[in-house]
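What you are looking at is a predicted structure, and each value in this text was computed from that prediction instead of being measured.
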Amino acid sequence: MATVLDKESPDFVVYLGDVVTANNLPIRNATKYWEQAISPTKSRNIPWASVFGNHDDMAFEWPDEWFGSLGLPSIQCPHSSLATGVEQMTDCYFQGTSRVDMLKMDAQQSLSHSSFGPKSLWPSVSNYYLEIASYKYSKSPAALLYFLDSGGGSYPEVISKNQAKWFQQTAAQKNPNSRIPEIVFWHIPSQAYKEIAPRVGTPIKDPCVGSINLERVDSQTAEWGIMDILTNRTSVKAVFVGHNHGLDWCCPCKNLWLCFARHTGYGGYGSWPRGARILELVEGNSELKSWIRMEDGTTHSHMTITSA
């Protein structure tokens, strides 16, 4: 992350989830790990916003090698005592980490723009929007960024009808004439991603743009209206998701683009080279430029996102 930040010097960072591999953490409160993950951005005084993925909030996976001839695991927990077996289990938590704790810690940071959403949208956590201030107009933002919690881990993998309604009502209030560009972020791809996905293992061809296409799209469990709302709003430029670490393509879907980010940190599965998707919005022309910056310093998959 530090390498990419130093190469690009961005104005803002979005964490799209699967930053912490909670599968390997026998604790509930993983805030110290999340704090470590955001530290490259924080130390460079760059503001950020976060949503969480399934691996950030995943139940602990018991390794087979922990079980010996007596059937008792040799448990190792952060800040635990020297005891082993049943005694040490009192210092551990094996039901999964808490995205609520991580978001609470994240949102308290002075540079963070992360936020809890309306409590009525439970069981989702982070549903909020941000305004990008205009250089030209004091009363109208240059762009609107929307962040939705697509679940995963201890939460259902879905954007609910209530979340879709919240977006629709908020967007209608903040951008009634659809004149302001809107960009949407969540973690787990919607089912619409499956419909437009290039065939797995084949080269990514026009009109799609990208470099790796090595997995099937692992989508949300159901579609409850969010895609119908987005594809009927001319102001929505693109949706950006994470989740599938072996995909980094962008493809058009009606009036907008559906895009994967590039897996950045070294948490999570996969040995593909790490990188990050970069976005550049130039005020006035409503074009969203994007490319992928790799850890080795190279760039690829340059594109300009316009209405399809």
Side-chain angles (χ1 to χ4, degrees), residues 12-18 48-53 113-118 121 124-132 141-152 157-176 178-197 217 219-220 222-244 247-262 276-281 286-290 303-308:
F12 195 71
V13 168
V14 174
Y15 291 98
L16 268 181
D18 283 3
W48 73 85
S50 304
V51 294
F52 297 96
H113 291 264
S114 306
S115 177
F116 284 92
L121 301 183
S124 62
V125 174
S126 49
N127 301 281
Y128 58 100
Y129 70 90
L130 297 174
E131 298 182 1
I132 304 298
L144 290 164
L145 310 182
Y146 285 89
F147 302 84
L148 296 172
D149 187 348
S150 57
E157 295 187 353
V158 68
I159 292 177
S160 69
K161 186 174 182 180
N162 276 344
Q163 289 172 280
K165 184 178 180 180
W166 171 83
F167 170 84
Q168 187 175 39
Q169 292 175 340
T170 305
Q173 179 184 9
K174 302 300 299 183
N175 193 16
S178 296
R179 294 177 180 175
I180 304 169
E182 296 167 329
I183 307 168
V184 185
F185 302 90
W186 65 67
H187 179 73
I188 301 176
S190 62
Q191 295 192 350
Y193 275 76
K194 284 185 175 180
E195 299 172 7
I196 63 167
V217 173
S219 70
Q220 298 168 29
E223 165 57 45
W224 293 104
I226 187 64
M227 288 308 305
D228 288 338
I229 294 170
L230 295 180
T231 54
N232 282 305
R233 279 190 70 80
T234 57
S235 48
V236 177
K237 296 297 180 183
V239 177
F240 294 95
V241 302
H243 196 52
N244 281 106
L247 301 174
D248 73 352
W249 48 257
C250 282
C251 291
C253 177
K254 298 183 180 179
N255 65 292
L256 52 79
W257 286 75
L258 301 182
C259 297
F260 283 95
R262 181 77 182 215
R277 180 169 291 281
I278 311 299
L279 307 179
E280 182 181 272
L281 180 64
S286 295
E287 289 185 345
L288 181 64
K289 296 181 180 180
S290 181
M303 61 181 295
T304 299
I305 296 175
T306 58
S307 298

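- A search for side chain to side chain donor-acceptor pair (under 3.5 Å) contacts involving Y15 returns T41, not counting sequence neighbours.
- Side-chain contact between L230 and L256: present, with at least one pair of heavy atoms (C-beta onward) separated by less than 4.5 Å.
- Between L130 atom CG and I183 atom CD1 the span is 11.0 Å, to the nearest 0.5 Å.
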side-chain contact (heavy atoms from CB on, under 4.5 Å), that's the test. Do I159 and S150 meet it? Break it down for me. CA-CA 5 Å; I159 292 177; S150 57; 4.0 Å; yes
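- In terms of modelled atom types and a separation under 3.5 Å, the side chain of Q163 and the main chain of S160 share a donor-acceptor contact.
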Show me the donor-acceptor pairs within less than 3.5 Å that the side chains of residues 222-229 make with the rest of the protein, sequence neighbours left out.
residue: E223; atom: OE2; partner: G225; partner atom: N; Å: 2.7
residue: E223; atom: OE2; partner: I226; partner atom: N; Å: 3.1
residue: E223; atom: OE2; partner: M227; partner atom: N; Å: 3.3

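- Legend: residues meeting side chain to side chain contact (heavy atoms under 4.5 Å, CB included) with V51, ordered by chain and number and at least two apart, are L16, S126, F147.
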Would you check, one step at a time, whether the test side-chain contact (heavy atoms from CB on, under 4.5 Å) holds for Y129 with T170? CA-CA 9 Å; Y129 70 90; T170 305; 3.6 Å; yes
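- For the pair N175 (side chain) and R179 (backbone), a donor-acceptor distance under 3.5 Å is present.
- Distance alone, capped at 3.5 Å, places no donor-acceptor pair between the D149 side chain and the N127 backbone.
- Separating the OG atom in S124 from the CH2 atom in W186 is a distance of 13.0 Å, to the nearest 0.5 Å.
- Under the rule for a ring pair (Phe, Tyr, Trp, His ring centres under 6.0 Å), the partners of F260 that lie at least two apart in sequence or sit in another chain are Y193, W249.
- Not counting sequence neighbours, the partners of D248 by the side chain to side chain donor-acceptor pair (under 3.5 Å) test are S211, R262.
- Taking each heavy atom of I180 and A143 in turn, the nearest pair found is CG2-CA, 3.6 Å.
- In this structure, CD1 on I196 lies 9.0 Å from CH2 on W257, to the nearest 0.5 angstrom.
- Taking E131 as the reference, K174 meet the side chain to side chain donor-acceptor pair (under 3.5 Å) condition, with sequence neighbours excluded.
- D18 meets the side chain to side chain donor-acceptor pair (under 3.5 Å) test with H187, H245; sequence neighbours excluded.
- For the side chain to side chain contact (heavy atoms under 4.5 Å, CB included) with E287, the lone residue among L281, I305, T304 that qualifies is T304.
- Cysteine sulfur proximity is satisfied for C250 and C259, their SG distance being under 2.5 angstrom.
- Here the shortest heavy-atom pairing between G242 and P189 reads O-CD, 4.3 Å.
- In terms of the ring pair (Phe, Tyr, Trp, His ring centres under 6.0 Å) criterion, residue partners of F12 (sequence neighbours excluded) are, by chain and number, H113.
- Listed by chain and residue number, F185, F240, R277, L288, S290 satisfy the side chain to side chain contact (heavy atoms under 4.5 Å, CB included) test with L279 (two or more places apart in sequence, or in another chain).
- With sequence neighbours excluded, the residues forming a side chain to side chain contact (heavy atoms under 4.5 Å, CB included) with A171 are Y146, F167, E182, R233, listed by chain and number.
- The side chain to side chain contact (heavy atoms under 4.5 Å, CB included) check on P181 picks up K237, S286, with sequence neighbours excluded.
- Listed for the S114 side chain is a donor-acceptor partner under 3.5 Å among the backbone atoms of S50.
- Residues satisfying the salt bridge (Lys or Arg N to Asp or Glu O under 4.0 Å) test with K289, not counting sequence neighbours, are none.
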